[in-house]
Amino acid sequence: MTTIETDKVVVRFAGDSGDGMQLLGDRFTHQTAAFGNDLATLPDYPAEIRAPQGTVHGVSSFQVHFADTDIHTPGDAPDVLVAFNPAALKANIGDLRAGAVVICDPDEFTRRNLAKAGYPTDPLEDGSLDHLTVHRVAMGAITLGAVAPIGLGRKDALRSRNMFALGLLSWMYGRPTAGIEEALQAKFKKKPQVAEANVLAFRAGWNYGETTELFATTYRVAPAALPAGEYRQVSGNAALALGILAAGWVAEMKVVLGTYPITPASDILHELARHKNFDLLTIQAEDEIAAIGAALGASFGGALGVTTTSGPGIALKSETIALAVMTELPLLIVDVQRGGPSTGLPTKTEQADLLQARFGRHGESPVPIVAPRSPSDCFDAAVEAARIAVTYRTPVLLLSDGALANGSEPWLLPDVAALAPIDPGFATGPNATDGSGDYWPYLRDRETLARSWAIPGTPGLQHRIGGLEKADRTGAISYDPQNHEVMVRTRQAKIDGIAVADLDVDDPDASRLLVLGWGSTYGPIRAAVRRLRSQGHTVAQAHLRHLCPFPANLDAVLASYDRVVVPEMNLGQLALLLRAREKTDIISHTKVTGQPFKADELEGVLLEQMEGVPA
Amino acid sequence: MTTIETDKVVVRFAGDSGDGMQLLGDRFTHQTAAFGNDLATLPDYPAEIRAPQGTVHGVSSFQVHFADTDIHTPGDAPDVLVAFNPAALKANIGDLRAGAVVICDPDEFTRRNLAKAGYPTDPLEDGSLDHLTVHRVAMGAITLGAVAPIGLGRKDALRSRNMFALGLLSWMYGRPTAGIEEALQAKFKKKPQVAEANVLAFRAGWNYGETTELFATTYRVAPAALPAGEYRQVSGNAALALGILAAGWVAEMKVVLGTYPITPASDILHELARHKNFDLLTIQAEDEIAAIGAALGASFGGALGVTTTSGPGIALKSETIALAVMTELPLLIVDVQRGGPSTGLPTKTEQADLLQARFGRHGESPVPIVAPRSPSDCFDAAVEAARIAVTYRTPVLLLSDGALANGSEPWLLPDVAALAPIDPGFATGPNATDGSGDYWPYLRDRETLARSWAIPGTPGLQHRIGGLEKADRTGAISYDPQNHEVMVRTRQAKIDGIAVADLDVDDPDASRLLVLGWGSTYGPIRAAVRRLRSQGHTVAQAHLRHLCPFPANLDAVLASYDRVVVPEMNLGQLALLLRAREKTDIISHTKVTGQPFKADELEGVLLEQMEGVPA
Amino acid sequence: MTVVDIEMPSGGRSGTALVPRDPNPQKAADYRSDQEVRWCPGCGDYVILSTVQAMLPELGLRRENIVFVSGIGCSSRFPYYLDTYGMHSIHGRAPAIATGLAVARPDLSVWVITGDGDALSIGGNHLIHALRRNVNLKILLFNNRVYGLTKGQYSPTSDKGMVTKSSPAGSPDAPFNPVSLALGAEATFVARAMDSDREGLTEVLREAAEHRGTALVEIYQNCPIFNAGAFDTLKDPEQALHRLIRLRAGEEVELGPVGDDGRATQVVVRDRRGSLAVMARSDANPGTILVHDPDDEDPSTAFALSRLSTQDLSTTVTGVFRSVSRPAYDDDVRDQAALARAARPPSIADVIAGPETWNVPERSEA
Amino acid sequence: MTVVDIEMPSGGRSGTALVPRDPNPQKAADYRSDQEVRWCPGCGDYVILSTVQAMLPELGLRRENIVFVSGIGCSSRFPYYLDTYGMHSIHGRAPAIATGLAVARPDLSVWVITGDGDALSIGGNHLIHALRRNVNLKILLFNNRVYGLTKGQYSPTSDKGMVTKSSPAGSPDAPFNPVSLALGAEATFVARAMDSDREGLTEVLREAAEHRGTALVEIYQNCPIFNAGAFDTLKDPEQALHRLIRLRAGEEVELGPVGDDGRATQVVVRDRRGSLAVMARSDANPGTILVHDPDDEDPSTAFALSRLSTQDLSTTVTGVFRSVSRPAYDDDVRDQAALARAARPPSIADVIAGPETWNVPERSEA
Ligand SMILES: Cc1ncc(C[n+]2csc(CCOP(=O)(O)OP(=O)(O)O)c2C)c(N)n1
Ligand SMILES: Cc1ncc(C[n+]2csc(CCOP(=O)(O)OP(=O)(O)O)c2C)c(N)n1
Ligand code: SF4
Ligand code: SF4
Ligand SMILES: [Mg+2]
Ligand SMILES: [Mg+2]
């Protein structure tokens, strides 16, 4: 038995939707995190609830990338694939690096299963896997044997196969086993037999590795040099939900989430619905329009109104977003982008809602846009978006995406007490500057241009707002042409003037080439940049958190590079906005497959773009 | 009595919403058109149905600009204002050119009416009108006298005051009176007493001019040198409706309009609803989403589905537009833009939906955009939009606006028989290229990239389409990453490849400065350019009909000028799109008052921009 | 499926139970805002406005704790004219917006003002969902059977065959009966009144305010401009006598002139097939005369009463059709939160930490 | 207001009267598309699919003249599996899309497939408007009382208190009764069936197809994944006996085991307050036993029957609640056009010229 030290590993588990891949991935992730590696994950599952068993469409998978340094992507090409049936093998084989390890259960490679997967011949026999290291492990049979004492039916017993795989992989990579049994017991609290079976299968997997001689090697990936502190594993949707909760907490405002379920945003609702012990209420509305309406109504009442959805929902909410622009009420609108247009690829990721976020409303209705860059960053981005919404009395669009939403990574727990305060600054008395003693809801703060905000229940400040154009300061209905001109420009100026942090450029070597991204492309871009630098290339990297308004130094940054490469999972939406501003050579690199970039692929793109750039 | 020859006159009628200003303007327009002047009109009315009588909010007005040459705007500053009450005077006085003629009824200038209009002192007495030529005409009293024989009540009798004014102005400008009495009789067919009163009042007005010595001058504006042919007066909404009708006629397709009333688009429905003797059906749906849904359903059935609305309605329709993009069905979507955001200024004009039209959908969902430049051009633009929709199987956005919709102008009647044919080219048999004998709804035309279109009822071609991503060619549901990439790019390529006419540049003097507009700004831009040229300046003009895709020569045109001025009634939406393409110096000149540009103001802007441009 | 009992003790209270009271007496004028009222002369909206302004002081609530939310339409201008908080929102969405407000703020009395187009055309879904959920909202639906603001197209309550600009050959749509629709949507409180019947309207508004949950009040409203005289037959006292039924809890459902016995001469009875019908009292078997019971848990009789009201107004039922107690949605949502809070005091640090954390120690190296 | 009579002779026909017939006999297999069916094992959608595939040949229509339009949800995948024309549209909008299609194409038989979320949550407005207008559509509402496709949130037909991911403390929403809602929305045809009751479902589908106008069929559908066993009590023959009522036109409304007299032992009677109640036949006054009359113009009794069906399924009424004839919207719209055409043949040149034109002569000068 040898133990090989390695710096990073990418493992992928794949099986039928019913095979428990997501649980398996989740547990492996936790163990890995507990061990101290940095990691990133990528779950992938079909749009159908239970696609037909044994078919390629029905394959669900979970990929974990872990390393001894900080990493930013779920990894390009798996080093290990555990395939629970022929379809899972077929669906994933193309992604493996040459020489990768494949573990599969030969008993699953029956004629019937091969046919369902669309294999004319058995890949375990026909030599098509020769470039890989294939281990045949009768996971089903061994699991059945291991859990036999419990007396479950065959079908139920087989369900524990995933834990067998967990045990085996844990052994291979020296993952800690502490806590795993407790976690399983907790997870299946209501079904003690199942819990027991899972534990037995897990142990069987570990022991299988330990005792058979099939596996000659174990691997060691040393803990990463992460900043010290308390960590948890967090998905983007969970972090986003927690960010909303924290924003309410910091602002001391009630949070009201009005939402309608939609993939991949629903989990934000699911998470928040569990935290009603906070000053938080959730409303599952009849549709997206009602959902944002309820959120806006709550905001009118002085709460932090929040609505969560994906692209199709944003389309439906557009009219109400414009009402929020006109009424100048805080509102947090979360778009977890997915593949489009229309129903598109609902379980896949994309960044193609940027221009919708920016322009998808009638009239001049500017809305700030904030985008997180990683799963855990969804927390900070949500707090930041809420801060802007409340401070500037404006709807804010928070653009997450499917990859962030379902991806997860270790997260150094933030200290909520240290978050900058958010102050709604509700009006408490008349404010008219003409000595009338009236209350003017559209009198503005000189600095932020935020309007005054009095909430119902405040004596003497009764007033009416609405969607018709308002008179400057008093907020009364106004059809006056000059007033409209003033108000349109003022609303724009308010958004343009939002204080956002300057764009941070990471450019240790004074490069002439900048790679500029936004949102979930951060991970692969970062990884690609690292690889290039480690090869001695110079390349600068910057990542936009604020897509509207852009950071004040953006133009200067762009102007200071000869070439700016902008990778996006769309047809070049940020690139269009940048080109409209600066004369720098903007190279748009796009991909619209519903899947994140690979570090590999970006590395290639950047290398290519370096040519011709003066050093 | 003298008769002064003049080349153009701008007349404005203003009164309470209930005073019949729109009818008055309409009749005056018809007479003027019949006389052979070129003309343009601008109706303006309050958002309330009947705003409080006698107040400035309640003022309704109608402006007619007529001339002996072709003109393009309703005129900047009226030469004549007929004000039916103090509020009408107050609301309009600021727009008059110095020395303009004001006609008003002194009996209306009561203490009460002055107060309602917010006049502290009587403007007829306090000298504030000294810079104008004011005629006091007791229009009410004379009308009452004139119609007394009919025996109407006072209130009803007074309603004919507008026709008194028509008579008076007709006399002043030598308008033909033939046909006017018939027109009034026809209009009030069901109320013969009212018809009679109107006729008597009209005659009284004419006679008043002829017999009193109050008016020392009449004016003559010679007929314009318009191309020979049969003309009618047409508003933008009417022309648009007729364009839809003509498109259906030419394509030999049933037209199904699914719509929901909204200002300023409702009149398109009203017009089309009157033409159900054509192969046309109208559905007044429960909301905008249902309206576009019904239109799309009809398109699926092989009809030309059309939906009409304004900005807020487009916002609501976005999700369904994306479905039309995915299903690649023809659909004509009309946005008659109004002041925004939100409910905004519903009866005013604006061009602020361009970027919504371009980007207001989730995912990459490109949609062609066509914009008319004048009321009568709405006809051609509608036919063109329908042609693109059917030929390329795509939703098309037609961007009109409030100024076009309600403005009107003489229109040389088109010859529908001469219109280029529109061919839906329905599939009639299997088309699979793999010899299977199957029908592939997403097999494309090589040239247009339009997909094959088989409609229900076609034997053997049964198939299903929908919002999920489709497999290239077969149209089956596909979650395949590479296929998505192909389809996203193909949909974009289809739109990018639409054959649109090159941008026509009017540049007789090889100028270095180009003024480039789109939509209803054509009139004022044209007028400004003319004035400048007549002063010896050189300036080039071009106007975009196609906002997506842009004409193929656009970049070249832009590049060939040193400076391009882009006037828009928004905050620079076209300018943003242009800047994203070309490095030419794009000067965005914007105005967002809910009112069209004035030729005057654009003349000034262009003069300013000429400075520093190499000659 | 797990179903838990979420009924809480908060039901059964008044609609304004949690709204602070004004210690001072109020008058109608206190509810007049500084905005000029801008409806057409003769518009029924004026009298509804003054009736509401006269009724509000009776509630004894702090003005600042009253909110009127409206959609778009002539009627939806209503909030501007009331000196309370208000929002003139967008077309059809007022019930949704008001739902969020009512959920967030139990200390407010929330009213929705809407029209037949706003509520029943574009806003139909939000209306029926508010009713089903029983959010503590008072929804006043101004039914003039036409789109006023957009200048006279037919609406979902217009007569079939009505000629308008958008239906020159007559509307092809069969109209809704708003009371039937509301009852089908699980409404707990449904009433109808006429703009011109100040007394009847006031009474119904008062009861609506008291009701905890969604109260829908349909108000027949005259639009002299685009649907003049639509309700004239009900305003003519002579005709109204034979057409108009005023429901009163616990009383027989009757109409027509008062006979010699001091009672109305016509009554409503249930026929064998279950339909309600008007007949002469003298012909009716006394045992079959309908006695109005708005508290009936079963909405079937209220529904039958709604069908007695025909589109052509040959019979029109006004008053409170149904008024039953069911937990209000907003109370339930808040109670769930209160229970959660009681069971588990919020700790932001705990929730951020989640179920599983680990510690990365300070690195000794480097 | 002008009201014109737009009733046309086209009413009273069959729902498929204008659809071309297939001269050849068809079989269920002809309606199977080449797409692999992708629902979860045990999903009720399978048996509904096979029932529909078996029923369609009976209609004798050309397959190419049948269209299935759906929204989004597990159920909305249905059209893919039928070898007809079809559109899998967007969430909630199928009735609106189908309306446009039905109006444009009288020669098609148009079916809508929808779920409880699709039809009653986001799509509620389009549903009630289709019903009110009486568009010639057959709407099959698969009610599994949960959002299947989005993995198990509560829906507008879920039990109040249902624990789901989005309602860990129980759903705070009171559910709709889809049959009541439809009746409140002026539906002309409303029926209910169970996925597992092939015979009952077939019968109801057949009648729906025949109906000219909107036919709403609610189908209780089992979702073993997210709402397992929701309808189990109705599937257990023993329990169903005491719970399940099958409506049959002209027959007494009854349930329970067959007694010695060969008749069911329980019957439905109308009580004095107008509610319907189940009682032992032996206790019932024979004159009060409800005889089912789906043709009753007045929907009140159908509504009362809908209330007899409770959310907890202690009594469940299936079959056709209501089936009355009223002009179909699409027929009326087309008839208006046909009348207009007959009165005034279309001339594009005339219409473009409009009422007033003038001539500008060829200029002599220049
Ligand atoms: C999204 C949207 N669609 C359409 C309109 C145009 N619109 C304004 S009010 C209205 C209907 C008004 O009818 P109703 O609700 O009956 O109110 P009324 O004016 O009769 O009081 C319509 C169609 C709009 N403002 N917004
Ligand atoms: C506009 C929009 N909102 C939300 C969704 C997400 N979504 C898809 S199906 C569905 C509900 C499905 O429930 P139901 O109609 O009952 O169908 P089932 O899956 O239970 O058959 C939701 C919320 C969507 N696809 N589009
Ligand atoms: S149009 Fe009708 S409803 Fe609107 S304000 Fe005028 S009278 Fe009232
Ligand atoms: S989730 Fe439920 S409804 Fe959807 S396919 Fe599975 S079993 Fe059927
Ligand atoms: Mg109305
Ligand atoms: Mg469902």
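Below, chains carry the letters A, B, ... as their sequence lines are ordered, and counting in each starts from 1. Note that these values count all heavy atoms, side chains included, but never hydrogens, waters or copies made by symmetry.
By number of non-hydrogen pairs under 4.5 angstrom with chain A, the leading residue of C:Arg133, C:His91, C:Arg63 is C:Arg133. Among A:Ala476, A:Ser299, A:Pro459, the residue making the largest number of heavy-atom pairs under 4.5 Å with chain C is A:Pro459. Residue with the most contacts toward chain A among C:Ile128, C:Ile90, C:Val69, C:Val110: C:Ile90 (heavy-atom pairs, distance under 4.5 Å). Considering only heavy-atom pairs separated by less than 4.5 Å from chain A, the leading option among C:Arg77, C:Gln35, C:Arg334 is C:Arg77. The choice from A:Val256, A:Thr327, A:Asp287, A:Ile289 that makes the most heavy-atom pairs within less than 4.5 Å of chain C is A:Ile289. If you tally non-hydrogen atom pairs under 4.5 Å between each of A:Gly457, A:Gly305, A:Gly467, A:Ala246 and chain C, the highest count goes to A:Gly457. Heavy-atom pairs under 4.5 Å with chain A were tallied for C:Gly100, C:Ala96, C:Gly86, C:Ala102; the largest tally goes to C:Gly86.
Shown here for A:Pro456 and C:Val67, the closest heavy-atom pair between the two residues is CB-CG2, 3.7 Å. The two residues A:Ala303 and C:Ala104 have their closest heavy-atom pair at CB-CB, 4.4 Å. A pairwise comparison of heavy atoms in C:Arg341 and A:Asn277 identifies CG-O, 2.8 Å as the closest pair. Scanning all heavy atoms of the two residues, the minimum distance from A:Ala454 to C:Tyr85 falls at O-CE2, 4.0 Å. The two residues A:Arg464 and C:Leu82 have their closest heavy-atom pair at NH1-O, 3.2 Å. Taking each heavy atom of A:Thr282 and C:Tyr329 in turn, the nearest pair found is O-OH, 4.4 Å.
Look at C:Arg132 and A:Glu286 and you find no salt bridge, because none of the NZ, NE, NH1 or NH2 atoms lies under 4.0 Å from a carboxylate O.
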One pair to check against side-chain contact (heavy atoms from CB on, under 4.5 Å): C:Ile352 and A:Glu230. What are the steps and the verdict?
CA-CA 11 Å; C:Ile352 285 179; A:Glu230 196 71 13; over 6 Å; no
Applying side-chain contact (heavy atoms from CB on, under 4.5 Å) to A:His463 and C:Thr84, what does each step give before you reach the verdict?
CA-CA 7 Å; A:His463 64 279; C:Thr84 63; over 6 Å; no
Derivation of the side-chain contact (heavy atoms from CB on, under 4.5 Å) call for A:Ile455 and C:Arg105
CA-CA 11 Å; A:Ile455 63 171; C:Arg105 295 288 304 269; 3.7 Å; yes
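For the pair C:His88 and A:Ile465, the minimum side-chain heavy-atom distance is 4.5 Å or more. A:Leu323 has its side chain within reach of C:Ile97: a pair of non-hydrogen atoms, C-beta onward, lies under 4.5 Å apart. Contact annotation: the side chain of C:Ile348 never approaches that of A:His275 to less than 4.5 Å [non-hydrogen atoms, C-beta and beyond].
There is no contact between C:Asp107 and chain A, counting heavy-atom distances below 4.5 Å. Interface residue C:Arg93: only side-chain heavy atoms are found under 4.5 Å from chain A. In this structure, chain C has no heavy atom under 4.5 Å from any part of A:Phe35. When heavy atoms are compared at a cutoff of 4.5 Å, C:Ala353 approaches chain A by way of both its backbone and its side chain. For a residue to count as touching a neighbouring chain, one of its non-hydrogen atoms must lie under 4.5 Å from one of that chain's; by this rule A:Gln284 touches chain C with the backbone only. A:Leu329 touches chain C through its side chain: at least one heavy atom from C-beta onward sits under 4.5 Å away, while N, CA, C and O do not. For C:Pro345, the part sitting under 4.5 Å from any heavy atom of chain A is the backbone (N, CA, C, O) and nothing else. Heavy atoms closer than 4.5 Å to chain C are found in the side chain of A:Leu242, but not in its backbone.
Atom OG in C:Ser89 sits 9.0 Å away from atom CD in A:Glu319 (nearest 0.5 Å). Distance CH2/C:Trp358 to CG/A:Leu226: 8.5 Å, rounded to 0.5 Å. Note that OG1 of C:Thr357 is 9.5 Å distant from NE2 of A:His30, once rounded to the nearest 0.5 Å.
Listed by chain and number, the residues in a side chain to side chain contact (heavy atoms under 4.5 Å, CB included) with A:Pro227 are A:Tyr231, A:Leu412 (sequence neighbours excluded). Scanning for side chain to side chain contact (heavy atoms under 4.5 Å, CB included) contacts around C:Ser347 gives C:Ala349, C:Asp350, with sequence neighbours left out.
At a cut-off of 3.5 Å, with distance as the only test, no side-chain donor of A:Thr458 or C:Glu64 sits close to an acceptor on the other residue.
Annotation for A:Glu252: atom CD does not count as buried by contact number, only 12 or fewer foreign heavy atoms lying within 6.0 Å.
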